[in-house]
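Lettering of chains follows the sequences in order, A, B, ..., and the numbering in each one begins at 1.
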Protein chains: 2
Amino acid sequence: MNNDGPDFGLRALRAFHAIVKTGSVTAAATAMGLTQPAVSRLLAQFEQTIGFDLFYRDKGRLVPTPDGLLLFDEADLALGTMERVRALARDIADFQVGQLRLVAPPSFAEGVLPDVIDRFLSRFPKVHLTIDSRSVETSKTLIATRAVDGGFLKLPLDRPDLTSVPVANSGTVCVLPIGHPLAARSWLDPLSLKGVPLVLLGLGRLSRSHIDAAFARAGVRPEVRVETHTIGSACALATRGIGVAIVNEMLARSYLGNRLLMRPFRPDLRHEYAFVTSAMVAPPRLALEFLSDAKHYFAQQPKDVLDETAGSPV
Amino acid sequence: MNNDGPDFGLRALRAFHAIVKTGSVTAAATAMGLTQPAVSRLLAQFEQTIGFDLFYRDKGRLVPTPDGLLLFDEADLALGTMERVRALARDIADFQVGQLRLVAPPSFAEGVLPDVIDRFLSRFPKVHLTIDSRSVETSKTLIATRAVDGGFLKLPLDRPDLTSVPVANSGTVCVLPIGHPLAARSWLDPLSLKGVPLVLLGLGRLSRSHIDAAFARAGVRPEVRVETHTIGSACALATRGIGVAIVNEMLARSYLGNRLLMRPFRPDLRHEYAFVTSAMVAPPRLALEFLSDAKHYFAQQPKDVLDETAGSPV
DNA sequence: ATCGGTCCATAAGAAAAGTGTATGGCCGTA
DNA sequence: TACGGCCATACACTTTTCTTATGGACCGAT
């Protein structure tokens, strides 16, 4: 590196600065939280290092030399920027600055995340938060490559380069408009849905195959009226009476409005979501903080509509 | 002072900076002239001080975290300004920057100083040099109050707040045009100057009273044709045959040209000049350097015209 | 003039920080 | 599997830096 020129410590420069500012070694010492001899030595050593006197010793008092004043201006600047480094380090440590990039499924981002985000941002107002919605595979790649800091994905995960922490566990419900004949039942199963127009989503996704399997086991052919891809649209269709939507309960709640209601679907198909980060390295601290908020949020959410309506049908 | 925030050393910051720049602890260590464990420790300690990780430990390699990169930019700046402080300190030590303000009598500044200045400035090209000519009293005050760093004054000095170092010792000569009748003599005294038109200077100054006293002792009334105030003008008058000038020999040399010559004046009235600084504090280093050049200059000047023409008259 | 207070410098021992050598773990590659 | 590069830790040693104690110089006041 640059090895020319005198090499002095930060403390020495600070001592010099403080002496000029306060006008005496003693005052500088108290200002720095040191004893007077310590500062005296610091100064003496600093002067010896740079090779010229910073102060006249005038009857025991220190008076800056022209050289000293010349150096002081520059030292003032340098200490200022050092102070900025310290301040920045503190801010980073306190999450006063920073950036967090996450991915989450659209329904997750629309439904449950806003509350978590609200809490998170109130804790870290200065943090820049980004939440994208991508396809599942893209999300996994983004997380694994650390193009984003983390994200919410549905379990199970098939990739070893991802680390997951389960945060939410939801059942499956049927969403139907108020007044629908089946609304009288406290729960629904494939048999009870025989011939009933359905709105299903996620053709090709794992959760969808579970539904299909449940119907198959019951010997019922599902009357799929519409295939869609977001819970929001499925609920919108259900609202208009186009069909009964069979969806993730937790995510459906946000879209119920006042014209829809839920009834548990049986068998109990579970949807488990996890906060996922790259397995390569430790997740960013902000990601952990966000995860903490997410856990907190889910911890105080009603577990399941099944719990609320536990009991026998009608 | 500001005691909040993490306090880390310059070495730690430099180590962090070097690691990011070189990409590895090992490379940073060689760049800093340290061993790898030393830098490793420095980094570990730095991270502990600021409270968050600067690098991912990815399979044994260090990869900067976003936080680390954030801090790096600021650290880069700070180290840059620290480098500027070091450079300035070095320049000050090497007299690559600085200012020297002196005072000197006009004839001094015109006659002998240019050579000294030449030498001084060739040694310290970047130094800003100021030389003023003021009245003797003003000069003393300027020096004593350190409004200027030093100056050349004629001895003796009557003030205890000034420190003087004799640098030049000159005799008194008569300056007369070539072909003047008295040029035949190898020296002149009041008696030989009886009735000869004279050009004298410094009415009221100490040296003038010495000349008057010499004439008085010889019982000769000086035939003063012109009173003037600078040696330059006295010589100019002498050139035109207006009168014989009795002046400081050393200072007169610069004004002789090719139409004047000097003859020692007897009695031998000495003019002693000293480099004067404030007695309150040590003189600035640049003043001492200038003094050194002045001494060097006078050391290789012919001592006195008396020495050259030592011998008997005619 | 002497005394008390202030200020700076130095000495000496103690505490802290920094450094080098040695060593071990981890990973990628031959 | 062995080797080489990289990082972290352990331990002993050196250097720096701190505090306490002390002395000298100066100023103002009694």
(message) Quick check on C/dG18: is either OP1 or OP2 less than 4.0 Å from any side-chain nitrogen or oxygen of B/Gln45?
(response) yes
(message) In this structure, how many angstroms lie between the P atom of D/dT17 and the CZ atom of A/Phe8, rounded?
(response) 13 Å
(request) Please say which of B/Phe275, B/Phe298, B/Tyr273 ends up in a ring pair (Phe, Tyr, Trp, His ring centres under 6.0 Å) with B/Phe152. (result) B/Phe275
(request) Tell me yes or no: between the side chains of A/Thr141 and A/Thr138, is some donor less than 3.5 Å from an acceptor? (result) no
(message) For B/Asp76 and B/His17, which I'm curious about, is there any donor-acceptor pair between the side chains at under 3.5 Å?
(response) yes
(message) Evaluate A/Asp293 against A/Arg123 for salt bridge (Lys or Arg N to Asp or Glu O under 4.0 Å), listing each step before the verdict.
(response) CA-CA 10 Å; A/Asp293 286 342; A/Arg123 287 210 298 152; 3.2 Å; yes
(message) From CG of B/Leu34 over to P of C/dT19, roughly how many Å is that when rounded to an integer?
(response) 5 Å
Give every pair of a protein N or O atom and an N or O atom of nucleotides 5-10 of chain C that lie under 3.5 Å apart, one pair per line with the distance.
| unit_1 | atom_1 | unit_2 | atom_2 | d |
| --- | --- | --- | --- | --- |
| C/dC8 | OP1 | A/Val25 | N | 3.0 |
| C/dC8 | OP2 | A/Val25 | N | 3.2 |
| C/dC8 | OP2 | A/Thr26 | N | 2.9 |
| C/dC8 | OP2 | A/Thr26 | OG1 | 2.7 |
| C/dC8 | O4' | A/Gly60 | O | 3.4 |
| C/dA9 | OP1 | A/Arg57 | NE | 2.7 |
| C/dA9 | OP1 | A/Arg57 | NH2 | 3.2 |
| C/dA9 | OP2 | A/Ser40 | OG | 2.8 |
| C/dA9 | N7 | A/Gln36 | NE2 | 2.9 |
| C/dA9 | N6 | A/Gln36 | OE1 | 3.2 |

(message) Check whether B/Tyr56 forms a cation-pi arrangement with A/Arg146 (NZ or CZ under 6.0 Å from the six-membered ring centre, at most 45° off the ring normal).
(response) yes
(request) Take atom CZ of B/Phe16 and atom P of D/dC7, then tell me their distance rounded to the nearest Å. (result) 15 Å
(request) Starting from P on D/dT15, measure out to CG on A/Asp7 and report it in whole angstrom. (result) 17 Å
(request) Please test A/Lys140 against A/Asp161 for salt bridge (Lys or Arg N to Asp or Glu O under 4.0 Å), starting from the C-alpha separation and ending with a verdict. (result) CA-CA 9 Å; A/Lys140 288 177 180 174; A/Asp161 53 356; over 6 Å; no
